[in-house]
Each structure stands twice: as C-alpha cells, then as structure tokens.
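The residues of the chain are indexed from 1 along the displayed sequence. On a predicted model such as this, the values are computed, not experimentally measured, just so you know.
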Amino acid sequence: MSTSLPSATDQISWVLTPLLELPGVLHAVIATGDGLVEGASQDLSRASAERVAAMTATVHAAARAFTTAFTDQQPRLAQTVVESDLGFAVVVPAGQNTSLAVFASPDAQLGNVAYQMQVQVAALSRAMASPARHQDAVART
C-alpha cells in the first residue's frame with residue numbers, strides 16, 4: 001500500500017485554520033514573493049487563489065515602493081490594509097519571501113484579525129525553523 005505525502009500547500013495550510021475561524025474572515029492565502037500559492041482557504045477556487053497570490057506579491061511590493069518614495073529608506077512592512085465597501089484585505093509578511101493575505105467582511109474586528117495573523121506568522125516561522133519529522137520506514141513489531 002502506498003500513501004502519498006501531503007503537498008507543500010497542504011503542509012502549510014494549517015496556518016490558515018485559526019484565521020478562518022474568526023468571525024468575518026472569509027478567505028486566506030499564503031503567497032510567495034513571486035506570487036505563487038503556498039496555501040489557501042478551501043472555499044477559494046484554485047484560480048482565485050492564484051490571482052490573490054499574484055496580487056498579494058504586487059500589493060506588498062507596491063506598498064514597500066510607496067513607503068520608500070516618502071522616506072528614501074528600505075522599509076520593513078508590518079502590514080498593508082485595503083478597505084472597500086466589501087471588506088478588508090490585509091497582507092502581512094510571513095517570513096522570507098512569503099506573505100499572508102486575509103479577506104474579511106466589513107463587520108470583522110480588524111484588530112483581532114491582525115493580531116491573529118501575527119500569531120499565525122510566528123507559529124509558521126517556528127514550524128519552518130524546526131527540522132522535518134519523518135516516519136520510520138520500518139514497521140515496529
């Protein structure tokens with residue numbers, strides 16, 4: 001019997017679960033700096049997740065360039081928030097070359113969402129720094 005290993009996307013998507021349990025949080029995506037999906041909420045189509053990941057990379061780069069234009073220094077972004085009549089899109093750095101993006105309804109408590117995003121980024125950083133665990137290939141009797 002062969003079992004397939006979970007994909008990288010499946011292995012990292014656990015970070016999204018606590019965020020998606022927050023009232024008002026509708027979708028979440030983990031994206032690479034070059035706009036690839038590393039994880040996405042299950043109810044977001046693959047095509048939508050890919051668009052969000054690409055735009056997350058673009059928004060993050062634009063926010064950094066926008067801030068640099070004011071300061072002539074390379075900023076470390078803490079978060080980027082886009083507010084619309086449909087809700088809030090929040091992007092935070094999630095480690096080297098990775099971002100976490102969440103879309104929440106207008107009635108979501110944005111402070112709680114932003115806080116939980118930072119908690120999950122810290123958990124992700126700890127998990128990525130830990131050595132991988134492998135199951136023993138030999139069955140024990």
Side-chain angles (χ1 to χ4, degrees), residues 1-140:
M1 174 171 118
S2 73
T3 58
S4 63
L5 293 173
S7 69
T9 300
D10 294 336
Q11 291 176 2
I12 202 169
S13 290
W14 60 267
V15 169
L16 305 178
T17 302
L19 296 169
L20 295 166
E21 293 172 348
L22 293 172
V25 173
L26 305 172
H27 302 290
V29 171
I30 301 168
T32 65
D34 52 356
L36 299 176
V37 177
E38 289 203 348
S41 47
Q42 289 182 337
D43 57 342
L44 195 61
S45 73
R46 180 70 185 176
S48 291
E50 288 173 353
R51 280 193 309 273
V52 169
M55 288 183 246
T56 296
T58 302
V59 164
H60 196 72
R64 188 179 304 109
F66 184 61
T67 305
T68 300
F70 283 110
T71 65
D72 290 329
Q73 296 178 18
Q74 252 333 0
R76 274 190 16 215
L77 296 179
Q79 69 180 3
T80 303
V81 179
V82 177
E83 182 179 0
S84 74
D85 61 331
L86 300 177
F88 301 95
V90 183
V91 179
V92 299
Q96 182 101 11
N97 199 35
T98 306
S99 295
L100 172 60
V102 166
F103 187 73
S105 64
D107 60 339
Q109 293 189 3
L110 199 54
N112 290 342
V113 172
Y115 172 76
Q116 189 63 42
M117 289 177 79
Q118 293 302 323
V119 168
Q120 291 310 105
V121 164
L124 179 61
S125 295
R126 284 190 305 274
M128 298 297 265
S130 300
R133 295 181 183 172
H134 300 283
Q135 291 181 329
D136 291 337
V138 179
R140 297 177 188 214

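Ser41 pairs in a side chain to side chain contact (heavy atoms under 4.5 Å, CB included) with only one of the listed residues (Val25, Thr17, Leu20, Val52), which is Leu20.
The OG1 atom of Thr67 sits 12.0 Å away from atom CG of Asp72, with the distance rounded to the nearest 0.5 Å. Expressed to the nearest 0.5 Å, how far OG of Ser45 lies from CZ of Arg51 amounts to 6.0 Å. Rounding to the nearest 0.5 Å places CD of Gln79 at 7.0 Å from CG of Leu110. Atom CD of Gln109 sits about 13.0 Å away from atom CD of Gln116, to the nearest 0.5 Å.
Judged by distance alone, with hydrogens and angles left aside, the side-chain atoms of Ser99 form no donor-acceptor pair with the main-chain N or O of Ala31 at under 3.5 Å. Panel note: side chain Thr71, backbone Gln73; a donor-acceptor pair is recorded below 3.5 Å. Formation of a donor-acceptor pair under 3.5 Å by the Gln120 side chain with backbone atoms of Val15 is found in this model.
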*Take Leu100 and Leu16 through the side chain to side chain contact (heavy atoms under 4.5 Å, CB included) test and state the conclusion after the steps.*
CA-CA 9 Å; Leu100 172 60; Leu16 305 178; 3.6 Å; yes
*For Val102 and Leu22, what are the C-alpha separation, side-chain angles and deciding distance, and is it a side chain to side chain contact (heavy atoms under 4.5 Å, CB included)?*
CA-CA 11 Å; Val102 166; Leu22 293 172; over 6 Å; no
Please list, one pair per line, the donor and acceptor atoms closer than 3.5 Å that link side chains of residues 91-98 to other protein atoms, with sequence neighbours excluded.
| residue | atom | partner | partner atom | Å |
| --- | --- | --- | --- | --- |
| Asn97 | OD1 | Gly33 | N | 3.2 |
| Thr98 | OG1 | Gln96 | O | 3.2 |

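In this structure, Val29 and His27 have side chains that are not in contact, with every pair of non-hydrogen atoms separated by 4.5 Å or more.
Here the closest non-hydrogen pair linking Phe88 and Val81 is CD2-CG1, 4.1 Å.
Dense packing is recorded around CD of Gln118, with more than 12 heavy atoms of other residues, nucleotides or ligands lying under 6.0 Å away.
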